[in-house]
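This report refers to the structure that appears directly beneath it.
Hydrogens, waters and symmetry mates are skipped; everything else that's a heavy atom, side chains included, is used. Remember, it's a predicted structure, so these values are computed and weren't measured experimentally.
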Amino acid sequence: MTQMVPVPLDTPTLPERALAAAGLALSLALGHLPLRYRIAAVRALRRLPAARCGHVARLDTAVRHVIPTWWPGRIACMEISLATVLATALTGHRASWALGARRLPDAAHAWVDTVEGPVGHDVGDGADRPYTRVLSVP
């Protein structure tokens with residue numbers, strides 16, 4: 001007889017999804033403003049204590065789970081990383097928002113940095129062509 005063993009899913013909890021939805025809503029609202037205002041909003045969080053990488057990774061996963069399929073606009077790395085930073089701030093902690101670029105092929109990318117390392121920084125096809133951090137806030 002085969003015995004089924006339940007496998008834990010990497011599904012965010014309801015509070016994590018609520019924080020992620022709030023962070024995503026703020027990110028999309030700030031997305032209509034010039035980049036300098038988004039940077040200023042993240043810079044205002046610099047006095048919060050630093051968040052742990054695992055905590056930020058769970059919130060990043062939650063943000064990716066709450067992205068609506070019906071949204072008519074762009075929700076890519078910049079919006080997701082900003083939403084993760086804002087959701088982390090709603091928990092009373094901070095994470096850095098990093099923007100970077102690479103050459104050959106030219107590409108831009110945004111990710112979240114913690115003191116323990118990057119979160120949401122997909123290397124993808126660029127393992128041999130890493131992104132260079134251009135800006136890190138705060």
Establish whether [X] and [Y] are linked, either directly or via other cluster members, by ILVMFWY side-chain heavy-atom contacts under 4.5 Å.
{"X": "Val56", "Y": "Val85", "answer": "yes"}
{"X": "Val112", "Y": "Val42", "answer": "yes"}
{"X": "Val66", "Y": "Leu26", "answer": "no"}
{"X": "Leu35", "Y": "Leu82", "answer": "yes"}
{"X": "Ile75", "Y": "Val63", "answer": "yes"}

>> Any donor-acceptor pair under 3.5 Å linking the side-chain atoms of His65 with those of Thr11?
In response: no
What's the spacing between [X] [atom1] and [Y] [atom2] if we round to 0.5 Å?
{"X": "Leu45", "Y": "Leu86", "atom1": "CG", "atom2": "CG", "answer": "6.5 Å"}
{"X": "Asp60", "Y": "Thr84", "atom1": "CG", "atom2": "OG1", "answer": "4.0 Å"}
{"X": "Arg47", "Y": "Arg94", "atom1": "CZ", "atom2": "CZ", "answer": "11.0 Å"}
{"X": "Glu79", "Y": "Leu24", "atom1": "CD", "atom2": "CG", "answer": "9.0 Å"}
{"X": "Ser81", "Y": "Leu99", "atom1": "OG", "atom2": "CG", "answer": "7.0 Å"}
{"X": "His32", "Y": "Arg38", "atom1": "NE2", "atom2": "CZ", "answer": "10.0 Å"}

Heavy-atom distance under 4.5 Å between the side chains of [X] and [Y], does that happen here?
{"X": "Met78", "Y": "Trp97", "value": "yes"}
{"X": "Ser96", "Y": "Thr114", "value": "no"}
{"X": "Leu33", "Y": "Leu30", "value": "yes"}
{"X": "Leu135", "Y": "Val137", "value": "yes"}
{"X": "His55", "Y": "Thr91", "value": "yes"}

> Yes or no on side-chain contact (heavy atoms from CB on, under 4.5 Å) for Leu48 and His93, after CA distance, side-chain angles and deciding distance?
Replying inline: CA-CA 5 Å; Leu48 294 173; His93 295 88; 5.6 Å; no
For [X] and [Y], work out which heavy atoms get closest and say how close.
{"X": "Thr88", "Y": "Ala51", "result": "CG2-CB, 3.6 Å"}
{"X": "Gly92", "Y": "Pro49", "result": "O-CD, 3.4 Å"}
{"X": "Pro12", "Y": "Glu16", "result": "CA-OE1, 3.4 Å"}

> With distance as the sole test, does Arg64 use its side chain to make a donor-acceptor pair with the main-chain N or O of Thr61 at under 3.5 Å?
Replying inline: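 Side chain of Arg64 to backbone of Thr61, a donor-acceptor pair under 3.5 Å: no, none is there.
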>> If we ignore hydrogens and angles and just use 3.5 Å, is the side chain of Glu116 paired with the main-chain N or O of Cys53 as donor and acceptor?
In response: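 Confirmed, Glu116 side chain pairs with Cys53 backbone.
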